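Quick caveat, the model's predicted, so the values are computed rather than measured. Just so it is clear: chains get the letters A, B, ... in the order the sequence lines come, proteins before strands, and each one is counted from 1.
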Amino acid sequence: MSQEFRLANEGLIDRSKKISFKFNGKKYIGYDGDTLASALIANGIHLVGRSFKYHRPRGFFGAGVDEPYALVQLIRNNETIPNIKATEQELFEGLEAKSVNCWPSVNFDIGGINNFLRIFLPAGFYYKTFMWPKSFWYRIYEPFIRKAAGFGVVTHDHDKERYEHKYEYCDLLVTGSGPSGLASAYSAAKNGAKVILAEDKPRFGGSLLTSEVNIGNQTGKEWADKIITELKEMPNVVVKNRAQVFGYYDHNMLVMSERLTEHLPKSEKFKPKQRLWYIRAKEVVISSGSIERPLVFGNNDTPGILLSSAAKEYMKVYGVLVGKKPLIFTNNDSAYETAIEFKRNGVNPIVLDSRKELSSDLINEAKNLNIDIKFEYVVVNANGYRKVKSADVAKISEDKTKLGKIENIQCDCICVSGFWTPTIHLASQSGGKTKFNEEIDAFIPSQSKQNETTVGSANGTFNLDDTLKNSFEAGYQLSKKITANDNKQPVPSVVEKKTSKHDKFWCVPLPKGKKYKRFLDFQNDVAVSDIELALREGYRSIEHVKRYTTLGMATDQGKTSNLNGLQLVSNIENKVVPEVGHTTFRPPYTPVSIGAIVGREVGKHSKPTRKSPMHTWHEKNNAVFVDAGLWLRPRYYKRGEETLFDASKREAENVRKNVGVCDVTTLGKIDVKGPDAAEFLNRVYTNAWLKLPVGKARYGVMLREDGIVMDDGTTTRISENHYHMTTTTAQAANVLSHLEYYLQVVWPELNVNVVSTTEQWAGAAIAGPKSRDLLQKIFPEVDCSNEGLPFMGFIETKLFGVYARIFRISFSGELAYEVNVESDNGNFMWEKIVELGKEFNIQPYGTEALSTLRIEMGHVAGSELDGRTTPYDNSLEGLISKKKDFIGKRSLQKEAFIAPDREKIVGVVPLDKKTSIPEGSYIVKDADAKLPNPKLGHVSASCWSVEYNNPFSLAIIKDGKNMIGQKLYALSPLKNKSIPVEIVSSHYVDPKGERVRS
Amino acid sequence: MLFIKCPYCGIRSQNEFAYGGDATVKRPQLNKEISDKEWDDFVYNRKSLRGKHLEFWHHISGCRQWFKVHRDTATHEIFKTLKPNEEL
Ligand SMILES: [Zn+2]
């Protein structure tokens, strides 16, 4: 069977280029320019999948974006991609596709049994049946449903394709290249506007590709080709095919996904598969056209039943017959174009028209062609399981309630037309209002919210003459508003066929005694009876009916089903459709792949990585890194088979015994400059800053206005009006914004400027009893004695010729210094320190040892300053000035903050001096108390004290100071541990702080 | 995504900015005796308006200036942007 449904001449495909492809393992031939759908239909394949709920056989229903059935699993370049619409996927050599949603195969589907059990699967079935008992959900219901009802399959492999994002600005974005889109884009572009024209299909022209019209003495397609060619040559115009504008967001930003290589066997190197365009348009013309509505009758989901417009498109664009014995069922004139097209290709269709006999250009032409037309006839039921075999038809009464005698007509396809639904998704997404147009029984945009104008059939204008006139005018007016140019294009003359009025009829009544399923939503298997049931059960709001029945909730978002659903609800409720209203349109209009949304921000590119200038040295010296925000910091330097515990213990011990060096480049650094800098710092920090002399550093704590500690760090007065502030690594960006806020908004009278200098300086902390001796070696000209460079002292000097700053500050609690040089000299500094430190047994230490050292000293850090604690909670009351006001001071009077039993920082040591206490453990009085065990507080940080060689933790617990000496328990339900502990002072080592001053 | 006119840089996309809260709130003067209620109103109490709202934004990935935006919280329409010292 080789393309027996392919026409000899018709179509826009290239018959000289044969393309072989595989579907469900079998090889077929198609042509260049085919979609997977058109190529399969050419080969007589109509069974491509199974429906979601009942697993009924599924074929093709549309020819493009509106397709509810034909989702396939695509294999392209060794990658498997789920849920590709066969009607959109262009054919390429070697294409492979498989049916989804059928197990074990498309022809024998185990889930098809649901079809026979459908009496048990009504609306709300999932809610009613699978909810009880609850424990069954995970074990039984869900795995079963997943196996039997999933759509495509995703892999766990990385997507090797490339996706890009692009930002673009334009005067006018036109969404769709049918007659209305072409006319408005052309008219605006000729008037000097910067225009983007987007078409979701590969071919431009929209309905002009399939309609029999003349524009300015050319066929519709010739005119479309001419306009596109001209637009492409204009420098102020961007024309994109395979590009779907799927979302309309605030302030006229629209998002468009462009498919660049999906129609090719594989992507060229460095070429993205998809590009996501963020387009900020001054004006938008929505020319998205309209979608044909189905008619509803018994078993109207059988393969071989298609939209009449799709059947025409398969003939005129792809040269393919959807059947050779077509039955056409319509309530309006447009299906006659399909009938005429069949006839022209030597196939005799039968037309069933629900209307009383009438005449129009199209009907008369069909009559003249001797097409068999039966007026006041309807399809009652389609027969055939995997494909339509015949139709039960009957005459229908004028009020459309009574059926005549049932007759049977042999056919191999039924082309239905229930008139047209304007595609108003984008207009509605923009926030615009819609109104129901009785003339066309559909919603159209009414009041625009943003700068958007809807034209053509998307606006309910179904004749070409008006469409062109309105669209040329829209393009002209909108462009004139933006460019102030006044070049108006003449509107070409149009020859088109006049149509007669459509019939409001859309749903065929059931014959007596029959219970045929009449489907509204083809992808989610929602039938007329489901909606009726939902209404009987009391659902009224259309939003509730939608959720309960899942009408319009499938991946096609109800493009073909929504309006018929509304009609049904309004019929039952005896309301008019606008009273029922429609559900909200939300982006995306069509499914968008996650890859396109993510773009290039994948893997290590998902965020920037910040590295210190000494990073390469750390790598060479076996550093194991840890993420600290965006920074990579050495956690420890691994020697041999050492564990994290071994290495950090060794490094910390060496600091206490000899000297260590730690990369502290990541600390936030902010230059504070100006004559009012001291006053500003005095307001920002809780302690006094007015009298800090030049050449001295001071530790400070800053609060938020609510009294909670925001950050801490040292700030050094470099010169009269110049301070160097340091922040924690984590809070650097927040502190800068905070300072800017107060300077720009609250106290603009202060003459101060702040700027981040984090990246300008490389920092090394040299800590340990031998650090002074080492410092003296590095800086021979500097007096490094306790008198020459006292605790909290600062000097500027040279490090082997490069400018350096030395701060005598300590985080480890040891005698320590911090040396800063310009970033470019960071590695030079580091190597000098390590080289000269050899004789003092220097070792680099990472963040783990750094934590150990600060924890056993009782220095607070991020785990204590966690956004919930006040300075009092952290025993920092000594830093609260009583004399001056500062940010957040007024909050410190709050009753809760000064309550006597407020949680406070303490030290915790396990009684056995062996068991490490997991961070996050609860401190409780009684380990065996009834749950919930009253919690005194939590363990914020834990280490192995190198000073005492036993575990030590910091904790923040109720009435902390008075708990010292008590024996309590640390509970970690997560680690299933209950550890007897003793509460001690948080300053476990050197409580008087003698070492830092030595 | 909003399109916001920084009074210093011009119109830029929302992803360059950070939201900064209600701009009608005035910080009490330093060293001034105030009631608990006045302080709580400054620190905590916000109206969470539906409709026109004067708010701070920070051009954090741009000129780093704070400024005021007069915006409708329901429709996202921006009526005006102002420097911090300017009033509506
Ligand atoms: Zn700016």
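Looking at Arg704(A), neither its backbone nor its side chain comes within 4.5 Å of chain B, counting heavy atoms on both sides. Using a 4.5 Å cut-off between heavy atoms, Lys889(A) does not touch chain B at all. Of the two parts of Leu736(A), the backbone and the side chain both hold a non-hydrogen atom closer than 4.5 Å to a non-hydrogen atom of chain B. Using a 4.5 Å cut-off between heavy atoms, Gln65(B) contacts chain A through both its backbone and its side chain. Only the side chain of Ile60(B) has a heavy atom closer than 4.5 Å to any heavy atom of chain A. For chain A, the nearby parts of Trp66(B) are the backbone and the side chain; heavy atoms of each come within less than 4.5 Å. Residue Phe42(B) touches chain A through its side chain alone, counting heavy-atom pairs closer than 4.5 Å.
In this structure, Arg280(A) fails the cation-pi test against Tyr167(A), since its NZ or CZ atom is not both closer than 6.0 Å to the six-membered ring centre and inside 45 degrees of the ring normal. Cation-pi geometry between Lys52(B) and Phe79(B) is met: under 6.0 angstrom from the ring centre, within 45 degrees of the axis.
Counting heavy-atom pairs closer than 4.5 Å to chain A, the top-ranked of the candidates Val43(B), Asp40(B), Leu2(B), Asn31(B) is Leu2(B). With chain A as partner, the option from His58(B), Gln14(B), Arg64(B), His76(B) having the largest number of non-hydrogen pairs under 4.5 angstrom is Arg64(B). The greatest number of non-hydrogen atom pairs below 4.5 Å with chain B, out of Gln744(A), Lys894(A), Arg683(A), is found for Gln744(A).
At a threshold of 4.5 Å between non-hydrogen side-chain atoms, the residues Tyr685(A) and Val701(A) do not count as touching.
Closest of all the heavy-atom pairs between Leu49(B) and Thr73(B) is O-OG1, 2.8 Å.
If you check the side chains of Ser891(A) and Trp39(B), you find a donor sitting under 3.5 Å from an acceptor.
A parallel orientation is assigned to the rings of Phe17(B) and His59(B), their planes being inclined by less than 30° (bins at 30° and 60°).
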